[in-house]
Amino acid sequence: GQVPDKLLLMWCNEQLRDRELQMAELDEDLKDGVRLINILEVVTGKACGKYVKAPRMEIQRYNNTQMAFDFMATLGVKLVNIGNTDVVDGNPKLVRGLV
């Protein structure tokens, strides 16, 4: 079965706690890539690289999410049928699958 959104949010917020970040909605709060990068860094214990911490422009959100996807690729994570544009666009089904 599928993991309820509430449990996914709890897990994400647990990972983000020490970085003083939090999430309220999966689709919306991952769109800019900042929380996604932070979750990846916490879970892996590795640095993702330099990213825009307060992205205002769409291109910055795309760059951040692409950095997260590139980082996952270097870790050997195989992602099928999802790209950074799905995250920026807030595609609910694909974002839940990613988390």
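Values below: every heavy atom of this structure, side chains too, minus hydrogens, waters and symmetry copies.
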Should Val42 and Leu16 be marked as a side-chain contact (heavy atoms from CB on, under 4.5 Å) after you check the CA-CA gap, both sets of side-chain angles, and the distance that decides it?
CA-CA 8 Å; Val42 169; Leu16 294 170; 5.8 Å; no

List the residues meeting side-chain hydrogen bond (donor to acceptor under 3.5 Å, both in side chains) with Asp86, not counting sequence neighbours, and say none if there are none.
none

What one should report as the nearest heavy-atom pair of Thr65 and Lys31 is CG2-O, 3.7 Å

Going through the checks in order, is the side-chain contact (heavy atoms from CB on, under 4.5 Å) test met by Asn84 and Val87?
CA-CA 5 Å; Asn84 70 316; Val87 176; 5.5 Å; no

State whether the side chain of Asn64 and the backbone N or O of Asp32 hold a donor-acceptor pair below 3.5 Å, judged by distance alone.
yes

Under 4.5 Å side-chain linkage, directly or through intermediates, the cluster mates of Val88:
Tyr62

Applying the 4.5 Å side-chain criterion to the ILVMFWY set and letting contacts propagate, would Leu7 and Trp11 be lumped into a single cluster?
yes

Do any pairs count as a side-chain hydrogen bond (donor to acceptor under 3.5 Å, both in side chains) and have a residue in residues 38-49, sequence neighbours left out, and if so which ones?
Arg19-Asn38, Arg19-Glu41, Asn38-Tyr51

Taking all heavy atoms of Phe69 and all of Leu98, pick out the closest pair and write down the distance.
CZ-CD2, 4.2 Å

In one Ile/Leu/Val/Met/Phe/Trp/Tyr side-chain cluster, 4.5 Å: Val34, Val52
no

Between Asp27 and Arg96 (salt bridge meaning N to carboxylate O under 4.0 Å), is one present in this structure?
yes

Quick one: pull up NZ in Lys93 and CD1 in Ile82 and give me the separation to the nearest 0.5 Å.
11.5 Å

Atom of Phe71, atom of Ala47 and distance for their closest heavy-atom approach
CE1-O, 3.5 Å

As an exercise, state the distance from NZ of Lys78 to CE of Met72, rounded to the nearest 0.5 Å.
13.0 Å

Given the rule in the side-chain contact (heavy atoms from CB on, under 4.5 Å) test, do Cys48 and Leu40 qualify, once you have shown the distances and angles that lead to the verdict?
CA-CA 8 Å; Cys48 185; Leu40 289 169; 5.6 Å; no

Check whether Met10 and Val43 end up in the same hydrophobic cluster, where Ile, Leu, Val, Met, Phe, Trp and Tyr are linked by side-chain heavy atoms less than 4.5 Å apart.
yes

Which heavy atom of Gly90 sits nearest to which heavy atom of Val95, and what is that distance?
C-CG2, 4.4 Å

side-chain hydrogen bond (donor to acceptor under 3.5 Å, both in side chains) filter on Asn91, not counting sequence neighbours, yields none

Non-hydrogen atoms of Leu36 and Ala68 that approach each other most closely:
CD2-CB, 3.7 Å

Rounded to the nearest 0.5 Å, the CG atom of Leu94 sits from the OG1 atom of Thr85 at a distance of 9.0 Å

Would you please test Arg35 and Asn13 for side-chain contact (heavy atoms from CB on, under 4.5 Å) and show each step?
CA-CA 10 Å; Arg35 289 172 187 84; Asn13 282 322; over 6 Å; no

Straight-line distance of Leu26 CG to Leu30 CG, nearest 0.5 Å:
6.0 Å

Applying side-chain hydrogen bond (donor to acceptor under 3.5 Å, both in side chains) to Gln22 and not counting sequence neighbours gives none

Across all chains, not counting sequence neighbours, the side-chain hydrogen bond (donor to acceptor under 3.5 Å, both in side chains) partners of Gln60 are none

